[in-house]
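Working notes, beginning with the structure itself.
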2 protein chains.
Amino acid sequence: MNMNNSEGLTGQAGNETSDLSKARLRAWLQILKVSRKIEGELREKMRLEFGSTLPRFDVLAALYRERDGMRMSELSKSLMVSNGNVTGIVDRLVAEGLIVRVPVENDRRASIVRLTKEGEKDFAERALVHESWVSELFSDLSSSDADALIRILRTISHHNEAPHD
Amino acid sequence: MNMNNSEGLTGQAGNETSDLSKARLRAWLQILKVSRKIEGELREKMRLEFGSTLPRFDVLAALYRERDGMRMSELSKSLMVSNGNVTGIVDRLVAEGLIVRVPVENDRRASIVRLTKEGEKDFAERALVHESWVSELFSDLSSSDADALIRILRTISHHNEAPHD
DNA sequence: CGCAGATATTTCAAACTTAAAATATTTGTG
DNA sequence: CACAAATATTTTAAGTTTGAAATATCTGCG
């Protein structure tokens with residue numbers, strides 16, 4: 001049986017919570033706080049400046065990285081949201097003319113979603129402004145702190161990585 | 001006019017994006033990634049273990065810290081969500097018998113929300129388990145990294161603090 | 001007192017989100 | 001080939017979330 005840092009050496013077990021456990025909880029709450037605050041700011045800017053939303057921006061961003069398009073399932077996996085969720089966002093972006101659904105050869109269950117010319121142009125503009133917003137919201141974050149933050153968050157990410165296929 | 005790190009010294013301006021700006025964007029995307037992954041895990045555990053949800057847990061947690069209860073507006077401010085949002089969550093928690101709405105003396109517009117005995121008992125149990133989930137999900141996070149993470153995130157939080165009243 | 005503006009909360013419409021069920025299609029196995 | 005299982009996506013119901021409008025009440029000023 002596997003023993004991790006939260007018990008074992010200290011002999012702690014059951015419901016008693018260690019200092020380390022509490023520090024991790026504080027870290028999580030702080031992540032949540034920053035994440036909510038920044039998302040709120042970006043949501044408002046996205047709405048006022050572009051009349052759009054963060055989920056739509058996220059879909060456009062994913063498709064901008066994969067210019068040949070992505071399947072719905074790739075999209076939802078990449079964004080870490082449910083399939084059904086992506087269906088709705090994609091419907092709206094199609095209605096706005098920013099993306100299209102293209103049938104897949106030899107598999108009529110699937111479809112590929114990709115940016116239209118207009119979607120590509122719109123996203124390129126929005127992405128620049130978006131980056132400037134983030135940089136401004138993070139303007140107290142030095143280069144070295146940014147690197148440290150990324151490193152630490154990656155160790156957390158990697159821990160609960162989705163199991164292999 | 002104020003010049004910050006993202007221009008000024010390098011003479012960069014307008015749409016050109018600096019390395020620092022890109023590092024900050026990567027940091028933000030990593031925060032988002034971790035935040036989504038952990039929230040997803042906690043949401044599932046909360047549902048399977050307690051038949052409940054994260055927003056309800058958050059409300060209970062806020063009320064557990066303020067045993068004398070909070071006004072709706074204090075609650076929504078503390079959770080950084082809209083007033084209308086809290087109304088719905090509170091309605092459901094009242095229906096579950098975990099909290100109650102109490103009228104406020106001398107102000108019939110307002111009401112105070114507080115835990116019932118059952119809500120207090122239930123939350124105390126859930127909080128212990130919740131902390132253990134977080135500690136497990138963050139088990140790769142050392143004590144020193146937790147401290148560094150909290151420090152860095154606080155500098156970001158403080159930057160866009162809500163303006164004073 | 002009377003009432004305009006401020007304050008506290010709820011309601012509402014639209015969007016986002018999930019988990020589960022439904023639909024459509026493909027694949028593998030006898 | 002038949003057809004069960006697997007796969008890709010959409011639909012659905014319930015809940016969460018926002019921003020704006022509506023409601024109710026309070027406060028202060030003339």
Side-chain angles (χ1 to χ4, degrees), chain A residues 32 35-60 69-96 99 101-113 165, chain B residues 32 35-60 69-96 99 101-113 165:
Chain A
L32 216 45
S35 169
R36 283 192 192 171
K37 196 168 287 194
I38 302 295
E39 259 196 289
E41 296 285 344
L42 292 177
R43 177 188 305 116
E44 186 180 10
K45 289 172 189 294
M46 198 62 79
R47 178 173 58 86
L48 296 177
E49 195 79 14
F50 299 122
S52 191
T53 67
L54 286 177
R56 290 177 208 184
F57 183 82
D58 290 345
V59 166
L60 295 178
M70 299 172 83
R71 291 182 172 217
M72 295 297 287
S73 47
E74 293 178 303
L75 208 39
S76 61
K77 186 171 183 179
S78 144
L79 301 175
M80 294 191 291
V81 298
S82 65
N83 279 339
N85 184 0
V86 175
T87 298
I89 314 285
V90 163
D91 286 348
R92 288 173 200 108
L93 286 170
V94 168
E96 291 177 29
I99 67 179
R101 272 186 238 248
V102 184
V104 171
E105 285 286 284
N106 300 328
D107 191 345
R108 287 184 298 176
R109 294 169 304 179
S111 60
I112 279 185
V113 182
D165 302 329
Chain B
L32 217 44
S35 167
R36 282 191 191 171
K37 195 168 287 192
I38 302 295
E39 258 196 290
E41 297 285 344
L42 293 177
R43 178 188 302 114
E44 186 181 10
K45 289 173 189 293
M46 199 62 79
R47 180 174 58 85
L48 297 177
E49 196 79 14
F50 300 120
S52 192
T53 66
L54 286 178
R56 289 176 209 185
F57 182 82
D58 290 346
V59 166
L60 296 178
M70 298 172 82
R71 290 184 173 215
M72 296 297 288
S73 47
E74 292 177 305
L75 208 39
S76 62
K77 186 171 183 181
S78 144
L79 301 175
M80 294 191 291
V81 299
S82 66
N83 279 338
N85 184 359
V86 174
T87 297
I89 314 287
V90 163
D91 286 348
R92 290 177 198 104
L93 286 170
V94 168
E96 292 177 29
I99 66 179
R101 273 186 238 249
V102 183
V104 171
E105 285 287 284
N106 300 328
D107 191 346
R108 287 184 298 176
R109 294 169 304 178
S111 59
I112 280 185
V113 181
D165 302 329

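Chain letters run A, B, ... following the sequence lines, proteins first, then strands; residues in each count from 1.
A:Ser73 comes within 4.0 angstrom of sugar-phosphate atoms only, judged by non-hydrogen atoms across all strands, and of no base. Counting non-hydrogen atoms under 4.0 angstrom, B:Arg36 reaches nothing in the nucleic acid. Residue-level contact check: B:Gly88 touches neither bases nor backbone, having no heavy atom under 4.0 Å from any strand. Backbone-only contact: A:Ile89 has heavy atoms under 4.0 Å from sugar-phosphate atoms and none from a base.
Comparing C:dA15, D:dG19, D:dT10 by their nearest atom to the side chain of A:Thr53 picks out C:dA15.
Two residues, A:Met72 and A:Arg43, neighbour DNA chain D, and the one matched to the more 5' nucleotide by heavy-atom proximity is A:Met72. Mapping A:Asp107 and A:Pro55 onto DNA chain C via the closest heavy atom, the residue that lands nearer the 5' end is A:Pro55. Nearest-nucleotide mapping onto DNA chain D: of A:Ala110 and A:Gly40, the residue sitting toward the 5' end is A:Ala110. Two residues, A:Arg108 and A:Asn83, neighbour DNA chain C, and the one matched to the more 5' nucleotide by heavy-atom proximity is A:Asn83.
At a cut-off of 3.5 angstrom, counting only N and O atoms as typed in the model, there is a donor on one side and an acceptor on the other between the side-chain of A:Arg109 and the base of D:dT7.
In this entry the distance linking CG of B:Leu75 with C1' of D:dT17 reads 15 Å, nearest Å. Across the protein-nucleic acid pair, A:Ile112 atom CD1 and D:dT7 atom P stand 19 Å apart, rounded to whole Å. The CZ-P distance, from A:Phe57 to C:dC16, rounds to 15 Å in whole Å. The NZ-P distance, from B:Lys45 to C:dT18, rounds to 17 Å in whole Å. C:dC16 atom C1' lies 10 Å from atom CZ of A:Arg56, rounded to whole Å. Atom-to-atom, CE of A:Met46 to P of C:dA15 comes out at 17 Å; the value is rounded to the nearest Å. We find that CD of A:Glu39 is positioned 13 Å from C1' of D:dT16, with the value rounded to whole Å. Across the protein-nucleic acid pair, B:Lys77 atom NZ and C:dT9 atom C1' stand 16 Å apart, rounded to whole Å.
Looking at heavy atoms from C-beta onward, B:Arg56 lies out of side-chain contact with B:Val59 at the 4.5 angstrom threshold. Between A:Val90 and A:Leu75 there is a side-chain heavy-atom pair separated by less than 4.5 Å.
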Side chain to side chain contact (heavy atoms under 4.5 Å, CB included), that's the test. Do B:Met72 and B:Val113 meet it? Break it down for me. CA-CA 7 Å; B:Met72 296 297 288; B:Val113 181; 3.5 Å; yes

Under the side chain to side chain contact (heavy atoms under 4.5 Å, CB included) rule, what do A:Arg71 and A:Asp107 come out as? Steps first, then yes or no, please. CA-CA 11 Å; A:Arg71 291 182 172 217; A:Asp107 191 345; 3.9 Å; yes

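A donor-acceptor distance shorter than 3.5 angstrom exists from the side chain of A:Arg36 to the backbone of B:Leu79, with no hydrogens or angles considered.
OP1 or OP2 of C:dT18 lies within a sub-4.0 Å distance of a side-chain N or O belonging to A:Asn85. Phosphate proximity of C:dA20 to B:Arg47: present, with a side-chain N or O under 4.0 Å from OP1 or OP2.
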